[in-house]
Amino acid sequence: MLITVMTGAGISTESGIPDYRGPRGLWRRDPDHEKLVTIGYYLADPEIRRRSWEFRRGNPARDAAPNGAHRALVELERAGRLDRLITQNVDGLHQRAGSDPERVLELHGNMFGVVCVGCGGRSTLDEALARLDAGEDDPACRECGGILKTTTVMFGENLPEEVVAEAVEATERAEVFVAIGTSLQVMPAASLAALAVRRGARLIVVNAEPTPYDDLAAEVIRDPIGEAVPRLVARLAG
Ligand code: ZN
């Protein structure tokens with residue numbers, strides 16, 4: 001049985017990482033926050049970049065620890081049942097829990113890497129934040145002076161093509177497709193769930209709120225993710 005799992009913000013809320021887009025998310029309270037993660041504003045406005053770096057410095061995801069749901073998915077992999085782990089999250093918690101990085105497909109990138117928009121040079125968030133601590137408020141690329149950003153996909157940027165292609169392939173060959181903690185309302189997550197069903201996979205939705213794909217799902221689980229996922233994995237891995 002080939003299982004592909006897709007995770008969204010809901011799997012990380014029990015690790016203390018807020019769901020910025022969710023019903024109680026930061027963006028509902030502070031619509032201005034969206035500018036911090038929109039590439040056009042980010043490139044055009046140094047003030048937005050300064051605020052973005054401050055936000056990154058205080059981001060609770062930096063010291064978050066994986067929870068029982070992340071660990072259960074590692075068990076699924078060790079049981080030889082997990083094909084690919086597609087995630088909309090940028091928090092790296094699947095890898096930190098012990099998932100094989102080769103199997104984790106990060107649709108929206110990763111917050112712990114930094115890239116220069118000028119020369120494409122790579123560095124790390126830790127390096128950039130060390131420069132913040134040393135007094136810089138908008139650190140520029142040391143090679144070319146270009147603007148630095150994290151290796152997350154901002155609004156207005158394209159998704160990483162190869163990652164999406166790999167996610168599509170894994171979805172097409174899945175016999176079971178499990179969507180965890182995602183509202184299935186953002187592309188390409190929504191289209192992957194639809195594709196899985198079209199290809200005959202058994203769709204299992206684990207999410208507190210209803211999703212547009214609940215009717216197509218073989219099973220919908222509303223229990224808290226930290227309890228529901230270990231239980232589900234025990235069943236799927238057995
Ligand atoms: Zn550069």
Side-chain angles (χ1 to χ4, degrees), residues 1-12 19-22 37 39 69-70 72-74 76-95 97-113 115 120 122 150-207 209-221 225 229 232-233 236-237:
M1 182 171 52
L2 217 47
I3 302 172
T4 281
V5 173
M6 181 168 66
T7 63
I11 196 171
S12 292
D19 176 1
Y20 295 114
R21 317 174 76 111
V37 288
I39 190 70
H70 295 103
L73 294 175
V74 178
L76 188 65
E77 180 184 323
R78 292 190 180 148
R81 293 295 170 84
L82 180 75
D83 180 5
R84 289 291 181 275
L85 179 45
I86 304 166
T87 185
Q88 297 173 281
N89 300 337
V90 298
D91 55 36
L93 286 182
H94 288 303
Q95 297 92 322
S99 287
D100 177 1
E102 299 285 313
R103 289 182 190 270
V104 178
L105 302 176
E106 297 176 306
L107 294 174
H108 298 158
N110 186 295
M111 58 173 275
F112 295 101
V115 63
R122 298 282 176 141
T150 51
T151 52
T152 50
V153 178
M154 289 181 155
F155 289 116
E157 287 190 295
N158 293 323
L159 298 171
E161 247 173 74
E162 283 173 28
V163 176
V164 173
E166 234 194 293
V168 167
E169 284 169 26
T171 302
E172 284 177 338
R173 62 179 179 249
E175 293 166 69
V176 176
F177 188 93
V178 187
I180 301 169
T182 164
S183 60
L184 297 177
Q185 286 173 19
V186 179
M187 290 305 204
S191 61
L192 290 173
L195 176 63
V197 171
R198 213 159 56 236
R199 289 301 185 108
R202 180 181 160 81
L203 174 66
I204 301 175
V205 173
V206 186
N207 199 51
E209 314 283 334
T211 83
Y213 293 90
D214 290 357
D215 288 345
L216 292 174
E219 203 177 331
V220 177
I221 301 169
I225 285 171
V229 174
L232 177 66
V233 164
L236 292 172

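This one's a predicted model, so the numbers in the text were calculated from it and none came from an experiment.
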Looking only at heavy atoms, what is the nearest atom pair of Ala97 and His70, with distance?
CB-CB, 3.8 Å
Interatomic distance, CE@Met111 vs CG@Asp91, rounded to 0.5 Å, equals 7.5 Å
So Thr151 and Arg122, side-chain contact (heavy atoms from CB on, under 4.5 Å) or not? Walk me through it.
CA-CA 9 Å; Thr151 52; Arg122 298 282 176 141; 3.2 Å; yes
Mind running side-chain contact (heavy atoms from CB on, under 4.5 Å) on Val153 and Leu107 for me, showing each step along the way?
CA-CA 8 Å; Val153 178; Leu107 294 174; over 6 Å; no
Residue pair Ile225 / Ala69: nearest heavy atoms and the distance that separates them
CG2-CB, 3.7 Å
Roughly how far, to the nearest 0.5 Å, is CG of Asp214 from CG of Leu203?
8.5 Å
Rounded to the nearest 0.5 Å, what separates atom CD1 in Ile180 from atom CG in Leu73?
4.5 Å
In Å, rounded to the nearest 0.5 Å, how long is the span from CE of Met154 to OG1 of Thr152?
5.5 Å
Any donor-acceptor pair under 3.5 Å linking the side-chain atoms of Thr7 with those of Thr87?
yes
Stepwise, does the side-chain contact (heavy atoms from CB on, under 4.5 Å) test hold for Asp100 with Glu77?
CA-CA 8 Å; Asp100 177 1; Glu77 180 184 323; 3.0 Å; yes
Locate the shortest heavy-atom distance separating Ser183 from Asn207; write the atom from each residue and the value.
CA-ND2, 4.1 Å
Can you give me the closest heavy-atom contact between Leu192 and Thr171, atom names plus distance?
O-CG2, 3.2 Å
Rounded to the nearest 0.5 Å, what's the gap from OG1 on Thr4 to CZ on Arg173? Could you check?
6.5 Å
The side-chain hydrogen bond (donor to acceptor under 3.5 Å, both in side chains) partner of Glu106 among His94, Gln95, Gln88 is Gln95
Considering all heavy atoms of both residues, which atom of Leu93 and which atom of Ser12 are nearest to each other, and what is their separation?
CD1-OG, 3.8 Å
With distance as the sole test, does Arg84 use its side chain to make a donor-acceptor pair with the main-chain N or O of Leu105 at under 3.5 Å?
no
Any donor-acceptor N/O pair, Tyr213 side chain to Ala190 backbone, under 3.5 Å
yes
Heavy-atom pair of closest approach, residues Leu232 and Val178:
CD2-CG1, 3.7 Å
N/O donor-acceptor pair under 3.5 Å between Asp83 side chain and Ile3 backbone
no
Going through the distances and angles, do Leu2 and Glu175 end up as a side-chain contact (heavy atoms from CB on, under 4.5 Å)?
CA-CA 5 Å; Leu2 217 47; Glu175 293 166 69; 3.4 Å; yes
Any heavy-atom pair between the side chains of Thr211 and Thr182 that's under 4.5 Å?
no
